[in-house]
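A short worksheet on the structure shown next.
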Amino acid sequence: MDGKRVGLYLRVSTDDQTVENQRQALVEAAEHRKWRIVEAFVDNGISGAKGREKRLGFDRLLKAVVRREIDVVAAWSVDRLGRSLQHLVGFLEELDGAGCDLYLHQQALDTTTPAGRAMFQMLGVFSEFERSIIRSRVKAGMARARKCGTKSGKPIGQQPLARHKVEQIRAELARGTGIIKTARLCGTGVSAVQRIKREMT
């Protein structure tokens with residue numbers, strides 16, 4: 001563990017916040033582990049939901065990882081990196097592919113240790129579980145859609161009105177009742193009443 005090169009990732013969502021508390025905690029953690037801080041990659045006033053192209057510090061961090069300029073990425077908390085489990089696991093996979101570890105201060109996650117490595121593997125399991133649930137929901141939605149004869153699962157076009165309802169609307173219109181009042185009396189939409197009136201004329 002000694003002598004590892006660490007890149008700090010610091011992010012706050014609004015301009016009136018400061019990254020200094022994050023910086024201090026991570027510097028102390030690095031010193032405790034005898035890691036050498038190479039650079040602090042900072043995104044000020046940037047939401048974690050933003051993509052990589054909007055988070056310039058995060059983008060530079062990943063480029064440094066790919067160039068193997070750092071051995072460990074250290075962040076204050078998982079929500080500094082992103083907003084979902086899938087995003088975190090995708091990020092971890094990028095780090096793993098480059099032989100880079102991750103340290104999350106608040107979650108006490110340190111993939112340089114065997115326990116942290118095991119936690120990383122569990123995150124992968126949960127992420128796959130999440131993906132399988134999404135796939136199942138999509139398939140179920142598509143099956144419903146096919147059953148209904150549409151792509152979205154909603155019926156195509158307007159459902160035909162019952163014959164007695166059409167006769168009721170015709171009778172009201174024949175009495176001179178207005179379209180809106182007829183729709184209210186018959187419990188139908190205005191467009192349906194308008195369509196029947198056009199047919200009558």
Side-chain angles (χ1 to χ4, degrees), residues 1-139 141:
M1 247 197 287
D2 292 358
K4 283 185 177 291
R5 300 165 301 167
V6 61
L8 309 183
Y9 180 64
L10 313 171
R11 183 183 65 78
V12 287
S13 301
T14 60
D15 289 327
D16 59 349
Q17 294 175 315
T18 177
V19 299
E20 291 313 309
N21 289 339
Q22 296 176 36
R23 189 194 304 272
Q24 182 179 345
L26 295 176
V27 166
E28 288 175 2
E31 289 175 350
H32 176 71
R33 290 163 176 77
K34 297 183 171 58
W35 291 342
R36 179 169 56 88
I37 297 172
V38 173
E39 187 175 350
F41 302 86
V42 182
D43 281 319
N44 274 309
I46 304 290
S47 166
K50 297 289 186 184
R52 178 175 170 177
E53 68 283 355
K54 301 284 188 183
R55 297 165 64 187
L56 301 183
F58 189 69
D59 182 60
R60 287 195 306 108
L61 169 69
L62 287 179
K63 286 176 179 174
V65 167
V66 170
R67 291 194 296 263
R68 300 180 186 271
E69 295 172 355
I70 54 181
D71 304 309
V72 183
V73 169
W76 163 253
S77 174
V78 62
D79 63 2
R80 298 303 88 193
L81 296 170
R83 290 296 183 188
S84 73
L85 175 62
Q86 294 231 176
H87 185 278
L88 173 62
V89 173
F91 176 65
L92 281 171
E93 286 172 350
E94 284 195 61
L95 296 188
D96 195 47
C100 187
D101 284 298
L102 177 66
Y103 171 78
L104 296 175
H105 188 72
Q106 286 292 86
Q107 286 74 37
L109 175 67
D110 181 357
T111 65
T112 66
T113 68
R117 211 69 188 150
M119 178 65 74
F120 164 60
Q121 290 167 355
M122 286 301 296
L123 284 170
V125 169
F126 285 124
S127 180
E128 180 54 38
F129 177 62
E130 186 181 48
R131 282 195 293 266
S132 69
I133 289 174
I134 292 169
R135 282 196 298 269
S136 296
R137 286 176 180 166
V138 169
K139 286 179 182 177

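Looking only at distances, a side-chain donor or acceptor of Arg11 sits under 3.5 Å from a matching main-chain atom of Arg80. Of the possible donor and acceptor atoms, one in the side chain of Thr111 sits under 3.5 Å from a partner among the backbone N and O of Leu102. With hydrogens and angles ignored, the 3.5 Å screen pairs a side-chain donor or acceptor of Gln17 with a backbone N or O of Thr14.
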* Between Val65 and Glu94, does a side-chain contact (heavy atoms from CB on, under 4.5 Å) hold up when you go through it step by step? -> CA-CA 9 Å; Val65 167; Glu94 284 195 61; over 6 Å; no
* Asked: Which is it for Arg33 and Thr112 under the side-chain contact (heavy atoms from CB on, under 4.5 Å) test, yes or no, and what are the steps along the way?
  -> CA-CA 11 Å; Arg33 290 163 176 77; Thr112 66; 5.8 Å; no
* Under the side-chain contact (heavy atoms from CB on, under 4.5 Å) criterion, do Leu109 and Val78 qualify, and how do the steps go? -> CA-CA 9 Å; Leu109 175 67; Val78 62; over 6 Å; no
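Side-chain contact check for Leu81 versus Leu104: some heavy-atom pair is nearer than 4.5 Å. No side-chain heavy atom of Val12 sits under 4.5 Å from any side-chain heavy atom of Thr18. Between Glu28 and His32 there is no side-chain heavy-atom pair separated by less than 4.5 Å. For the pair Glu39 and Ile70, the minimum side-chain heavy-atom distance is 4.5 Å or more. Put simply, the side chain of Tyr9 does not reach to within 4.5 Å of the side chain of Leu26, judged on heavy atoms.
In summary, Arg55 and Asp59 do not engage in a salt bridge, as defined by a charged side-chain N under 4.0 Å from a carboxylate O.
If you run side-chain contact (heavy atoms from CB on, under 4.5 Å) between Arg5 and each of Ile37, Asp71, Val72, only Asp71 comes through.
The two residues Gly97 and Arg68 come nearest to each other via the heavy atoms O-NH2, 3.7 Å. Phe41 approaches Gly7 most closely through the heavy-atom pair CE1-CA, 4.0 Å.
With rounding to the nearest 0.5 angstrom, the CG atom of Leu56 is 12.5 Å from the CG atom of Leu61. Between atom CZ of residue Arg60 and atom CG of residue Asp43 there is a gap of 8.5 Å, rounded to the nearest 0.5 Å.
Taking the six-membered ring where tryptophan is involved, the planes of Trp76 and His105 are essentially parallel, since the angle between them stays under 30° and well short of 60°.
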